[in-house]
Amino acid sequence: MLDKLRKIVQDVDSAPNFAAALTTMVQSVRETMGTEVCSVYLVDDKTNRYILMASGGLNEDAVGNVSLAWNEGLVGLCGAREEPINLDDASAHPKYHYLPETGEENFNSFLGVPIMHRRKVLGVLVVQQRAKRKFDESEEAFLVTLSAQLSGVVAHAKAIGAFDSLRVSSSPRANQTRIFHGISGASGIALGRAIVMYPPADIDSVPDRVAEDIDAEIGQMRRAIEAVREDIRALDRKMAGSLMAEERALFDAYLRMLDDNALVTEIEDRIRAGNWAQGALREVIEDHMQAFAAMEDAYLRERMADVRDIGLRILAHLQKQEDAGLRVFPDHSILIGEEITTAMLVETPLDRIGGIVTVLGAANSHMAIVARALGIPTVLGVSDLPVTSLDDTEMIVDAYQGRIYVQPSRQLRTRYKDIIKEEQQLVAGLEAYRDVPAETPDGHRVALYVNTGLMADVVRAKDRGAEGVGLYRTEIPFMLRERFPGEEEQRSIYRQQLEAFMPRPVTMRTLDIGGDKDLPYFPIEEDNPALGWRGIRITLDHPEIFMVQVRAMLKAAIGLDNLQILLPMISSVFEVEEALHLIHRAMMEVQEEEGVPITMPRIGVMVEVPATVLQIADMAQLVDFVSVGSNDLTQYMLAVDRNNPRVADIYTPYHPSVLRALQMVVEEVHRIGKPVGICGEMAGDPGTAILLMAMGFDSLSMSASNLLKIRKVICTVPYFQARGLLEQVMQVDNAAVIKSLVEFELEDLGLIDLIRPSKK
Ligand code: PEP
Ligand code: MG
């Protein structure tokens, strides 16, 4: 059964369009289950009715022409109950609604299962038979499984408007606005044209793009193919001594594929039809892979991997040629992609980037944090975005609401330009908070620090009166290089940070890679990276990396003495002790080498793991300060991957357990007389910042783009009022209710504009 299921899903996936996908779906289900009818009803969002969209077995004329109200008939019942309806005699059921156009009176048994995507009913998949019989358990399970697998195809088709075009049986108008939904990663609005970003040699993400010069594209393709031929011949020669002739036969097969005119001619035909070389290659490789995938013979099916490999090799050569010609980023470019990593982002000309949109990722993924620091409106987790077809398309990114408008209408553009103006006024209004201390009207003082990583952050932070750096993410300069930076290289990078803020403190976190933070030259492949080898676990396993970094920090601080060192992902006392031991050793070494006394920097522990919350008093005894990394702490407290858009709506720092954990950390650390700050994204959010201040955090550290907003919040909200709010929310057991209570308070205080513009 599993094979049959896989085959249906593959057939549907490889259908050329949505109409063909639906027809394939109903025919395949009918054949596989041996039923007389299989039909798909889909909900039309405009009328809220179920429309018969495809059927094998009912009258063909009825398709597209009959519909049921949302609660009408057995189809409506199945959708309303969100569960299968399995009947041996459909017409005897009180909800049965006869549709004469379909000819369904001939069929007695009925099994309908809802098509669900993200808790929403998209439609109902139905099988029917003449015989009066209940479908057995395995048939029901089969249809449920299939429906769950196909729901993604339906959701995608609806999102890109394919459903509308099918319903009205005409193509969508070329200038029709399309809307996509995701999660806000960094608030703001952007208007611009899309640039598709894709990792090198990832053939699936290559966008379609109009070939400007067809001959030049064909020339590039021929050169790339010749280069691959040469690579393969070289590989064959190299392996001659170590592989047997049969094993080397693969190389011959590759060369034959490249010499086979079919592949090359097909690619050139696609280029002549107007797609650029990389897009044409993707199209042809996809077609060939689909043809192999459809083959019954398992051996032939496996040749798919070879076709893909050849495609990747050609693509790598094409991309080399593209890099040589350097990509152009116009002003206000909107970067879009399946996934855009921090490393990909920081390599772009950042001053030209207006917005970012990705299919994967969630609000607290690392790239989102960097985008926030840079003030670039970002929407993530737009699972339905047809990335490859959007290159150079005009779009609006509404990162307040997590919405993307593709080919926006004139009215939309005007409306959003007004919102941008309003934002600019808001920013201008915040200028007044540039030089005032962050102190509540009733005299409670909180230190406001900045989170940095790039040099651009430093300039913006100083401009906005940061009182120091609460978190310097050292992995960011590491990402900008092609190998680990050496000690002298690191020393000079760190010196710039320390000098820029002197005499204010700069908290440098030791290398925090792993999880979603990969270095291109130190890839870590793990099934479960969030629970794997990351942060201090890596650097304690590689003391050579840790020591070079700490020595570079200590040398950089000579004569400045404003360095603090922060240890990430601590989960045991032993790790703190080991790290302290290495830092002491580095200090002795540097002192001896430099011949000057070295001041021991203040050392801090990050609280990111629930185990550390419960043991914080033990750990705080060993160090000088504590800093809470609430992004990871929320992830681990709630067991919710901070990068996974599917669970993004349950990742919330307003969760009562997270708030209780934070309160506990503050109380414990203060009990032993040490300072405690917070450097996760909560610190830069006006709503959560009020609660953190009320809890007694000594410092809040945030991206430069939030500094003025949070200073305004602190200068506006009396401490006693924040305490009152905290007391109230700590009695509540529900995150959504807590969030609303806080937002009501912001509303009352006239601060709601800080989280969403009033024009929305
Ligand atoms: C955190 O986890 O809250 C934190 C500040 O670290 P990062 O976001 O870099 O993992
Ligand atoms: Mg972290």
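Read the numbers this way: they start at 1 and go in the same order the structure lists the ligands and their atoms. We use all heavy atoms of the structure for the numbers below, so side chains are in, but hydrogens, waters and symmetry mates are not.
Comparing Arg534, Gln635, Lys517, His366 by heavy-atom distance to atom 7 (P) of ligand 1, the nearest is Lys517.
Ligand 1 has a nitrogen or oxygen under 3.5 angstrom from a nitrogen or oxygen of Arg642.
Using a 30° and 60° split on the angle between ring planes, His444 and Tyr719 fall in the parallel class, below 30°.
The minimum heavy-atom distance linking Ala371 with Ile356 is given by the pair CB-CD1, 3.9 Å.
Residues His670 and Asp698 bring a donor and an acceptor atom of their side chains to less than 3.5 Å of each other.
The contact set between ligand 1 and Leu471, taken as ligand atoms under 4.0 Å from a residue heavy atom, comprises 5 (C). The ligand atoms of ligand 1 that sit less than 4.0 angstrom from a heavy atom of Gly680 are 3 (O). Using a 4.0 Å cut-off to heavy atoms of Ile369, the atoms of ligand 1 that qualify are 8 (O). The contact set between ligand 1 and Asp632, taken as ligand atoms under 4.0 Å from a residue heavy atom, comprises 1 (C), 2 (O), 3 (O), 10 (O).
Atom 6 (O) of ligand 1 has Arg509 NH1, 3.0 Å as its closest protein atom, hydrogens excluded (heavy atom only).
Annotation: side chain of Leu430 is in contact with side chain of Lys709 (closest heavy-atom distance under 4.5 Å). You'll find the side chain of Tyr449 stays beyond 4.5 Å of the side chain of Arg504, heavy atoms only.
Rounding to 10°, one obtains 100° for the angle at the Mg ion (ligand 2) between OD2 (Asp632) and OE2 (Glu608).
In summary, of the residues considered (Leu380, Thr341, Asp516), a side chain to side chain contact (heavy atoms under 4.5 Å, CB included) with Met367 occurs for Leu380 alone. Between Leu563 and the choices Met508, Gln497, Arg602, Met600, the side chain to side chain contact (heavy atoms under 4.5 Å, CB included) rule is met once, by Met508.
Between the Mg ion (ligand 2) and Asp512 there is no N/O/S contact shorter than 2.8 Å.
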